[in-house]
Amino acid sequence: MNIADLARVRDEDLAGEPVGQASGAGARALMESIKEEAREPVRRRVRARRSAGLGVVAAALAAALVVWSPFGGPATEYANAAVSLKSGDDFIEVVINDPEAEAEEFTEAFRAVGLDAEVRKAPVAPGDVGRLVGPITDGDFPPGTGVTVSTRMDGCASAWCGKVSMPVGFTGKVVFGIGRPAAPGERYAGPVQVEFDPDGGVLAGYKPRGKPVARVRADMERAGMKIDYVVMWLKPDGSGHGYHVEPQHVGDDWTVENVNRTASDAVTLDILAPDDVPADSLPQISPPPRPEWWKD
């Protein structure tokens, strides 16, 4: 897995549909027969809470609901105060109810449905607090497969609602990130386009596309931003690539395509290379490091 590539993925690039998994008619018939004739009872497990004075009400709210597979395998449903999970034929649906819950509560729920996963906090822009970051995976996927995530934020009553599709055969580690407010000057886990950042302060709604580098640079400096530069070479179909360069290799009259906010006090200018600048002809430098929130 290339973490550098993951860092550039936008939310819209992560959206996808669950990966399908074939199942035989005989197996489905057997499952239906077992569920009708020998349905397993629902098991409830009550977890002790910190405030004993809440009595029966607290116990009811803290109950973890577990529905076991009729074959004695991983649970098909699990819910506690932190998270709710439901396994389908080829996916696990995750709803994070309390991003402030203790790590142990998330861990027990994920393990109950056979998923080696955990939840950690990731520094983000104000508008992304409480939203999903990642997930980051550490393991080998079967050929031709991967993890897909579809999110639904509108009308969601929890910190994050979404569906995660894990392909059959994946046994690696999964780390879900939940956005927390980044400290002043702390790098964001993912960039935010200033044009669509409602919490961008003086930069909120700023439209950089098509403006010359000199003008955008001056606007960013007046806003107190540190600036780094990415020069891009694009093809007519919109595809292409780019990398970070030193500011002295960027012309004042080159065209800005986009500005990403990477911290409360830092931005990256995405700049279109002129036609007379050959691809990959500028000296490349390493980008500023981003927080590796998924690591210990």
Side-chain angles (χ1 to χ4, degrees), residues 1-16 78 80 82-83 85 91-92 94-142 145-151 158-167 169-192 226 228 230 243-244 260-268 284-296:
M1 180 186 70
N2 190 326
I3 297 300
D5 292 340
L6 282 174
R8 287 185 169 272
V9 175
R10 305 295 200 271
D11 285 346
E12 60 267 26
D13 297 327
L14 291 174
Y78 190 98
N80 61 17
V83 62
L85 302 100
F91 65 88
I92 296 176
V94 180
V95 177
I96 295 175
N97 304 311
D98 181 10
E100 301 299 329
E102 295 180 1
E104 291 79 5
E105 294 186 88
F106 288 109
T107 300
E108 73 172 16
F110 289 128
R111 286 180 178 173
V113 296
L115 189 62
D116 182 11
E118 63 179 303
V119 172
R120 296 188 180 184
K121 298 298 181 65
V124 296
D128 290 332
V129 172
R131 296 195 179 193
L132 174 73
V133 180
I136 302 296
T137 59
D138 180 13
D140 296 325
F141 290 95
T145 67
V147 59
T148 60
V149 178
S150 59
T151 60
S158 71
W160 170 75
C161 296
K163 182 181 292 183
V164 178
S165 176
M166 301 300 299
F170 179 75
T171 58
K173 182 76 174 182
V174 184
V175 183
F176 296 94
I178 293 293
R180 63 159 175 82
E186 183 180 16
R187 303 286 294 189
Y188 298 155
V192 180
K226 304 170 187 175
D228 57 272
V230 169
Y243 51 77
H244 281 75
N260 285 315
R261 193 160 190 159
T262 56
S264 61
D265 61 351
V267 294
T268 296
Q284 181 176 356
I285 62 173
S286 298
R290 284 184 177 161
E292 296 182 326
W293 56 266
W294 59 90
K295 294 184 178 181
D296 294 325

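Residue numbers count from 1 along this sequence. Both backbone and side-chain heavy atoms feed into the values below; hydrogens, waters and symmetry mates do not.
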Of all heavy-atom pairs between [X] and [Y], which one has the smallest distance, and what is that distance?
X	Y	answer
Phe106	Asp98	CZ-O, 3.3 Å
Val83	Ala109	CG1-CB, 3.3 Å
Pro291	Arg187	CG-O, 3.4 Å
Glu105	Asn80	O-ND2, 2.9 Å
Ala189	Val133	CB-CG1, 4.0 Å

Going by heavy atoms in the side chains, are Pro123 and Arg180 under 4.5 Å from each other?
-> yes

With side chains defined as the heavy atoms from C-beta onward, is the minimum distance between Ser264 and Tyr188 less than 4.5 Å?
->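 Sidechains of Tyr188 and Ser264: in contact.
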
Quick one: list whatever passes side chain to side chain donor-acceptor pair (under 3.5 Å) with Lys121, sequence neighbours left out.
->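 Residues passing side chain to side chain donor-acceptor pair (under 3.5 Å) with Lys121: Glu100.
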
Lys226: partners by salt bridge (Lys or Arg N to Asp or Glu O under 4.0 Å), with sequence neighbours left out |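 Result, salt bridge (Lys or Arg N to Asp or Glu O under 4.0 Å) vs Lys226: Asp265.
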
Nearest-0.5 Å distance, [atom1] of residue [X] to [atom2] of residue [Y]:
X	Y	atom1	atom2	value
Thr107	Asp116	OG1	CG	9.0 Å
Tyr78	Arg111	OH	CZ	11.5 Å
Glu104	Glu118	CD	CD	10.5 Å

Do any N or O atoms from the side chain of Asn260 and from the backbone of Thr262 form a donor-acceptor pair under 3.5 angstrom?
->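 Between the backbone of Thr262 and the side chain of Asn260 there is no qualifying donor-acceptor contact (under 3.5 Å).
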
Expected output: side-chain Arg120 to main-chain Lys295 donor-acceptor under 3.5 Å |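 Confirmed, Arg120 side chain pairs with Lys295 backbone.
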
Please test Phe110 against Phe176 for side chain to side chain contact (heavy atoms under 4.5 Å, CB included), starting from the C-alpha separation and ending with a verdict.
-> CA-CA 11 Å; Phe110 289 128; Phe176 296 94; 3.8 Å; yes

